[in-house]
Novice: 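Before we start, here is the structure in question, set down as structure tokens.
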Amino acid sequence: MVIGRCDSGVANRVLPGGASFMDLISAAAPSSKNDGQFVGAVTKRAVGWKKAGLISGRDQGAITSCAARSK
């Protein structure tokens with residue numbers, strides 16, 4: 001997944017509801033009032049994906065890192 005200009009190296013998966021990881025990350029951007037809120041929203045999603053066994057801890061870190069560098 002590419003967040004901003006940062007390639008996290010994590011595959012963009014489609015979740016059971018039909019939305020992809022990137023769909024959910026993209027949805028966080030307009031609703032975030034500042035960079036910190038965006039990074040927090042993306043981190044929360046990444047933590048949930050890790051807890052659900054959809055990504056590894058390394059993937060979670062890569063996603064969060066790219067979110068922090070994207071804005």
Novice: Identify which one of I3, V2, I63 satisfies the side-chain contact (heavy atoms from CB on, under 4.5 Å) criterion when paired with V10.
Specialist: I63
Novice: Has the side chain of S70 got a donor or acceptor atom that lies under 3.5 Å from a matching backbone atom of A67?
Specialist: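 Looks like yes, one N/O pair under 3.5 Å.
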Novice: If you compare all heavy atoms of A62 against all heavy atoms of S8, which two are closest, and at what distance to 0.1 Å?
Specialist: CB-O, 3.5 Å
Novice: About how many Å separate CZ of R58 and OG of S65, when rounded to the nearest 0.5 Å?
Specialist: 12.0 Å
Novice: Is a side-chain donor or acceptor of T43 paired with a backbone partner of T64 at a separation under 3.5 angstrom?
Specialist: no
Novice: Tell me which donor-acceptor pairs under 3.5 Å the side chains of residues 47-54 have, and how far apart each pair is, sequence neighbours excluded?
Specialist:
none

Novice: Hey, could you give me the CE/CZ distance between M1 and R13, rounded to the nearest 0.5 Å?
Specialist: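 Rounded to the nearest 0.5 Å, the CE-CZ separation comes to 10.5 Å.
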Novice: Could you tabulate the donor-acceptor pairs under 3.5 Å formed by side-chain atoms of residues 15-24, not counting sequence neighbours?
Specialist:
residue : atom : partner : partner atom : Å
S20     : OG   : M22     : N            : 3.4
S20     : OG   : D23     : N            : 3.1
S20     : OG   : D23     : OD1          : 3.4
S20     : OG   : D23     : OD2          : 3.3
D23     : OD2  : S20     : N            : 2.9

